[in-house]
Every structure is written in C-alpha cells, then in structure tokens.
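Input: a single structure, listed below in structure tokens.
Proteins get letters first, then strands, A, B, ... in listed order; numbering begins at 1 in each. Here the structure is a predicted model, which means the values were calculated and not measured.
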There are 2 protein chains.
Amino acid sequence: MRLTAKSEYGLLAMIDLACREGDGPVSAREISERQAIPAKFLEQLFVALRKAGLVSAVRGARGGFALARPAEAITVLQVVEALEGPLKTTVCDGERAAACGKGKACAAAHVWERATTAVRSVFGDATLAALARTQQELEDSADVRREAVGG
Amino acid sequence: MRLTAKSEYGLLAMIDLACREGDGPVSAREISERQAIPAKFLEQLFVALRKAGLVSAVRGARGGFALARPAEAITVLQVVEALEGPLKTTVCDGERAAACGKGKACAAAHVWERATTAVRSVFGDATLAALARTQQELEDSADVRREAVGG
DNA sequence: GTGAATCCCTACTGATTCAGTATGGTTTCT
DNA sequence: AGAAACCATACTGAATCAGTAGGGATTCAC
C-alpha cells in the first residue's frame, strides 16, 4: 500500500480525459502541460494505463488517448493498481509472515488488512465520472468567485 | 501514508507488552527474541515510542519497558504515528498542490484525503487491548488445534 | 512521399529512503 | 566491580523513486 507520484499524475491525467469524454483523442503533451506533469514521465504512465485496458491510444499526428470505457465504469482503484501494481498490505506480507513465529495467528496482520480493505473500498467506489463532475464543480465555483472579485 | 517495517515491528512489540500488562518491565531483548525483531532496531523503536509517551522505560539491570497507559487507551494510530510521523496523504501534498494550477480546486486530492481518513479511522479505532485479546484468542485456538492433532 | 507530430519502449541516473549495523555511552541491580 | 539493560548517534548497502535520454514506429498534412 504505497502511493507514489505515478498514482497522483496518473489520476490527474485520467480525470483530464474524463472531463473531455467524447472529444476525440487528447495528446499526452497537452495533458502534461495542462496538469504540469513531466511529459516523458506521463508517457510511461499511459503505456501502463493502456496495457491495463483503461485507455485506448491513437498513434500518429493528431493522435492521443481516450478512455477505453465510459468514465462511469473506471474506478480510482483500477487506475492506481494499473500504475503501482496490486494494492496490498506493505507490512506483514509473505516472507515476514513466515519469519514471525505466530505464522497465521497474528493480531497485527488483521489491522493491516483492515486498513488495506478500507483504502480499496474508497478507491473502488470512486469513479472517474464522479471525479470529473467534482472537478467541474470546483472549477465553476472558482470561476464565479473570480468574477465576483472582478478579476 | 507509507507503512514500513517500523510500524510492523513496533506494533508487534506493543501487542507483546499489552499481553503482559502488569507483569513489570519487559526487556527489549526478550521481545526481540519472541517476535523475531533485530534487537538494535527494536531499541530504536522503543526510543521513539518512549518519546511519544506510549511506553515507560526502566533503566539498568532488570529494566525494560511497559505501556505508559492502559492498553485500552493506546491505539494503533498512536503507535504508527509515533514511529512514522504524521499519517498524511503521500500524494498531492504541499509543494505539488502549489505546482498544479488547480491549487485548492482538485478532485483528485479529495480521493487521497478520503483514503487517508479511512486508514486513520481503522487505526484510531483499534486499541492495543483489543489486539491483545485477539492475539490471545488466536494463540488459544492454535493450541487447541495442536492438542487435537495429538502434537 | 517527406516531414512533423505523436505514441511506444528500454535503459539509465541522481537522490532519497529503508532496514539494519556499529559503536559507545549512561543508569541500575547484584 | 561487573553485568544487564536502556540511550543516542552515525554509518552503510540495497532498493526504490522520479525523472531523463534516446531512439524507434505509426499516422496525418501537405
């Protein structure tokens, strides 16, 4: 259960795509500029996202990426696991469980597992569609606020 | 939100202490052997746990550690934060939040925060007393099973 | 059919963190 | 006095992270 910049960047990119669903392919360069993500780094993430079947790619000039499924059908959990690998407990895993005499009978392991389950639940319930909506609302209200100030 | 071996070892040690509440100080060496934790590494963890006010130390021969409060009043969250520092979101924190144009208006940040909150909730609800009870039950049922097999 | 834009892939690297070790000090019991 | 134990800091090898480098392969526009 280790969240790195891959997840952060990857989710930003996927939300970006979700906000432009149906607009045709969006290039990685465009997203990297809009989201302030290093271009070559983002490219790598898209390779992983494509291999996981979450985005489809169009090659060549005017090419780019689009969600492979409706935003409603893609969860944050899928995005994170595509980029970081299976979201499992980082403590008390495999070899350690064998080393500690208790083996299977370990109260600590239960807590770690409950924590992982909780995170999986949060990520599994959050769809890109919902995040795109939230993002849109946040930007709208920010615009309103900016206008009110007269900027 | 990064869980390392410190948390794993630290929690094992604290559960060990909770299982021996009232028995007087337990030496780090004893715990390190019982839980298969490198001795010097465990010593460092106890320094942190003591500075966080979770254990009290008795120096000198026959010395050792004991819970500074009833096991009922110590949570896994307190143990983890004593060892790893504040349990905060590892993505979209400080500087990054400033770098991404959205600033405060970021849907992704909400998800990360909800995940962190979920973990804090799990850890905050788990007391050492409860874990010690669970541990005892697990060991008891393991014993029964072993006897049944005739070992 | 050439050139530019774009995706695809692998390898590399500097910095940081992890897990553990080393060394030596201080306190207390016997 | 000596052993047992806690206290504190510094060091180190290995792994991981975040990002870069350098090139391919594919497609559109002209």
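In this view, Ala13(B) and Ile31(B), Leu42(B), Phe46(B) satisfy the side chain to side chain contact (heavy atoms under 4.5 Å, CB included) rule, not counting sequence neighbours. Take Glu72(B) and apply the side chain to side chain contact (heavy atoms under 4.5 Å, CB included) test, not counting sequence neighbours, and it matches Thr127(B), Ala129(B), Arg133(B). Residues satisfying the side chain to side chain contact (heavy atoms under 4.5 Å, CB included) test with Glu137(B), not counting sequence neighbours, are none. Residues meeting the side-chain hydrogen bond (donor to acceptor under 3.5 Å, both in side chains) test with Arg69(A), sequence neighbours left out: Gln78(A). Judged as a salt bridge (charged side-chain N to carboxylate O under 4.0 Å, His left out), and not counting sequence neighbours, the contacts of Arg20(A) are Asp16(A). Scanning for side-chain hydrogen bond (donor to acceptor under 3.5 Å, both in side chains) contacts around Gln136(B) gives an empty result, with sequence neighbours left out. Partners of Val119(A) according to the side chain to side chain contact (heavy atoms under 4.5 Å, CB included) rule, which considers only residues two or more places apart in sequence or in another chain, are Met1(A), Leu87(A), Phe123(A), Ala115(B), Val119(B). Glu33(A) pairs by the salt bridge (charged side-chain N to carboxylate O under 4.0 Å, His left out) definition with Arg29(A), not counting sequence neighbours.
Fit an axis to the five pairs at each end of the helix from dG1(C)-dC30(D) to dT30(C)-dA1(D) and the two axes sit 10° apart, to the nearest 10 degrees.
What separates CD of Glu43(A) from P of dC9(C) is a distance of 11 Å, to the nearest Å. Rounded to whole angstrom, the span from the OH atom of Tyr9(A) across to the C1' atom of dG19(D) amounts to 9 Å. Rounding to whole angstrom units, CD1 of residue Ile37(B) and P of dA19(C) are separated by 13 Å. Taking atom CG of residue Leu42(B) and atom P of nucleotide dA5(D), one finds them 13 Å apart after rounding to whole Å. Computed from coordinates, the Arg29(B) CZ to dA3(D) C1' distance equals 12 Å when rounded to whole Å. Atom CG of Leu3(A) and atom C1' of dT16(D) are 15 Å apart (whole Å). As rounded to whole Å, 14 Å separates atom P of dC17(D) from atom CD of Glu8(A).
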Scan nucleotides 9-14 of chain D against the protein and return all N/O pairs shorter than 3.5 Å with their distances rounded to 0.1 Å.
none

Between the protein and nucleotides 28-30 of chain C, which nitrogen or oxygen pairs come in under 3.5 angstrom?
unit_1: dT28(C); atom_1: O2; unit_2: Ala61(B); atom_2: N; d: 3.4

Compile the donor-acceptor pairs under 3.5 Å between side chains in residues 58-68 of chain A and protein atoms, sequence neighbours left out, one pair per line.
none

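Nucleotides of DNA chain D nearest to Ala39(A) and Arg2(A) differ in position, and the one nearer the 5' end is that of Arg2(A).
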